[in-house]
Structures are given as C-alpha cells and as structure tokens.
2 protein chains.
Amino acid sequence: MVLSKACTYGILASLYMAREATRSKDYISIGRMSKELNISFHFLTKILQQLTSAGILISMKGPKGGVALKRKPEEISLVDIVVAIDGMGLFTECLLGLPGCGEEKPCPVHDDWANIRAKLFHTFRGKNLAETASRIDSMNLRLSSEFPMNI
Amino acid sequence: MVLSKACTYGILASLYMAREATRSKDYISIGRMSKELNISFHFLTKILQQLTSAGILISMKGPKGGVALKRKPEEISLVDIVVAIDGMGLFTECLLGLPGCGEEKPCPVHDDWANIRAKLFHTFRGKNLAETASRIDSMNLRLSSEFPMNI
DNA sequence: TGAAAATAAGATAAACGGGTCTCAAAATAA
DNA sequence: TTATTTTGAGACCCGTTTATCTTATTTTCA
C-alpha cells in the first residue's frame, strides 16, 4: 500500500470537511463523518486527533462540537495531510529500502524512482482541498466506499 | 512502503543473480546470497521459493545446488519480480483505497494517480535485469545495505 | 445545575507483515 | 550406502497497523 489506511481516511475526511466548509462554518461531528464515509468511528477519531495536533484541524468538545479545518481549504494541500499522518518517507526513501541511497551512492533504480517520487510529491502538493473537493460534485466523483451511495 | 520488504529483497537477489549469470552458469546458493546481500537466510529462501513457483527462477537441491534465473536476464523486467511477489495492486489500485474506483466512478485523485502509477509501471517494465545489473559495476552502484561494502 | 453530546485518551484485541526455527526431501560425493 | 549440503515447507513468534471498547473531560442547553 502506498498510503497507510489511516492516511487515506485522513484525506477522505479532509475532503469531506472542505466540502462542508463551503456550506457552513459549523464544526463537523466525527460521528456523522464516520457514518457517511463508512469509516470506524473510533479509528477516525484517532486519525483526526493526529491532524489536530499537527495544526491542520481544530476541534471542539460538547454538543455542536466536532472538528473543522484550521486554515482555508485552498491553503491546505493533499501533501500536508499525507505528511501529517505518514510522514515524508514516501517522498524521500529508497524504493529498495537501502539506507543512505542517494545521488552519491545510488541504488540500481535510484534515478527512476527519484524522478517518479518527485512527480508524486509535486502533483499532490499542487492539489489543494478546495479545488479537489469542488470536483466531487461537479464531476460526480466519490468519497465513500459505500457502493451505491455517492456522498 | 511502496514495495514490501519481501519484494525489495526479491529484486536485490534477482539483480545479484543476473550479475552472477554473466560469469558462470552455476546455481547460486541462497546461503551465499543471503550473506552477501545481508538478508536473513530463511526469509530470503521463502521469497525465492515464490519466484521459483512463479516461473522466474529454477532451483536445485543438494550440494552445488541453489537457484538461477530461468530466462535470460535481458528478458526479465523488474515488474516481473514485483508482480510475482506483491501482485499487480500497486499498478491497479486506488490511491485512496476505494473499491471499484476507475474511469467510470473515479475518486477525487484518480486521474493524477492513474497517470503516476502508469508511469511507474512502464518505467519498471522497461528495466530488465541484465541492463540494470550491468550498471551496478560500471556506475559503482549498490545492492547491499551493508555500509562500507559494495557488492 | 444537571443531562446529554461530543472529543480525548488509553487499554485491549485482531490482523498482517516480517522474520525465525525445525524438520523433511533431494542431490551430491566420498 | 551414508553423510553432507542444499532447497522445500510449514509452524511459530514478534511488532506494527488497524480497529474496538471503555472511561474521562469538556461544552451546550434545558
């Protein structure tokens, strides 16, 4: 798996929040999100706690509480979410796992992989939550794994 | 991790074998390879058994036994090894893990990821063991994680 | 002020990947 | 034929990730 499960859930939830943020300024309940995105509530809670302590979300307890994006969705890139949960490893590590692989002492596939992982980084660094989420409605995309439903 | 540990070990061992194959026609002992590549013998054995049953290697028991590439190193691509061990998932699955994500019902990052994973596939499909292994000597590359040594 | 609603936090469990160990089977060579 | 060397196959262990469960803690609102 390229991204951990936690990371994909974090991205889906962030896109969900970006979409909601265009409609209201309220906090979004994790319980509601977990139902609509078909993600285990407790697991999602922990992931969003990570995003909160990474400074990407803010949270509020109590009735009317929940989580919300701290900055504007246009200012948050998909890479921000990935890095907050999975770290930079995907964009820095050797494909063959050789420690210290780099320009000076490359592994046999270093150049190819460095090229692809840079493309990966720049592509997803250039995708912000607002634009990505807005395409969900206009292009009839999907966020949930629930089959018939397209949240 | 993009490739499983087993898969990276399989690639390193395959490159090692491709390199040896240019020098002799003998079987290569897994014990020797595990020492030179710094990979656990029993674990490497299991991985090479997978490559054997996938038809990429042939094996021979007993003294003077070991494993060898079944086809010529020029005819084996890195993708062959990846697919034999990790399967096609890396090249087919949705980055966000949504089942059934595709052209008809794409996830919000489908197009970008499909583009990158296709590039990944074609890049490593185009790299054969012979050419990749030959660069190890000529360009002073590395196969092992043992630090000072460059096998 | 108290009940309810929500996140926070931590213990626990299940699943999986990575890795070890043991014994069997086959081939060689003395 | 027998000892040795090698791969084959499976059970087993350990740590991390994924997921669940329970118990605070905070906030709102009647």
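Every chain is numbered from 1 and lettered A, B, ... according to where its sequence line falls, protein lines coming before strand lines.
The separation between B:Ile47 atom CD1 and C:dT20 atom P is 11 Å, rounded to whole Å. We find that CG of B:Leu3 is positioned 15 Å from C1' of C:dG18, with the value rounded to whole Å. Between the P atom of C:dA5 and the CG atom of A:Asp26 lies a distance of 17 Å, rounded to the nearest Å. The separation between B:Leu51 atom CG and D:dT7 atom C1' is 14 Å, rounded to whole Å. Straight-line distance from the CE atom of B:Met1 to the C1' atom of C:dG18: 9 Å, rounded to whole Å. The distance between atom CZ of A:Arg32 and atom P of C:dT7, rounded to the nearest whole Å, is 11 Å. Rounded to whole angstrom, the span from the CG atom of B:Leu37 across to the C1' atom of C:dG19 amounts to 17 Å. What separates CD1 of B:Ile85 from P of C:dG19 is a distance of 13 Å, to the nearest Å.
B:Leu120 places none of its side-chain heavy atoms less than 4.5 Å from the side chain of A:Leu120.
The phosphate of C:dA8 (OP1 or OP2) has a side-chain N or O of A:Ser59 nearer than 4.0 angstrom.
Under the 3.5 Å distance criterion, the side-chain polar atoms of B:Ser34 are matched with a main-chain donor or acceptor of B:Gly31. In this structure, A:Asp112 contributes its side chain and B:Phe124 its backbone to no donor-acceptor pair below 3.5 Å. Here the side chain of B:Thr22 pairs a donor or acceptor atom with the backbone of B:Arg19 at under 3.5 angstrom. A donor-acceptor pair is defined here as one N or O able to donate and one able to accept, closer than 3.5 Å; such a pair exists between the side chain of A:Arg117 and the backbone of A:Thr92. A donor-acceptor contact shorter than 3.5 Å is absent between the side chain of B:Asp137 and the backbone of B:Ser134.
Within 4.0 Å of A:Thr52, counting heavy atoms only, lies no atom of the nucleic acid at all.
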Per-nucleotide protein contact string for nucleotides 19-28 of chain D, where B marks a base within reach and S marks sugar-phosphate only (heavy atoms under 4.0 Å, - for neither): BBBB--BBBB
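Pairing partner, C:dT28: D:dA3, with both Watson-Crick or wobble hydrogen-bond distances short of 3.5 Å.
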Per-pair distances, 0.1 Å, donor-acceptor, side chain in residues 43-61 of chain A, under 3.5 Å, sequence neighbours excluded:
unit_1: A:Thr45; atom_1: OG1; unit_2: A:Phe41; atom_2: O; d: 2.9
unit_1: A:Thr52; atom_1: OG1; unit_2: A:Leu48; atom_2: O; d: 2.8
unit_1: A:Ser53; atom_1: OG; unit_2: A:Gln49; atom_2: O; d: 3.4
unit_1: A:Ser53; atom_1: OG; unit_2: A:Gln50; atom_2: O; d: 3.2

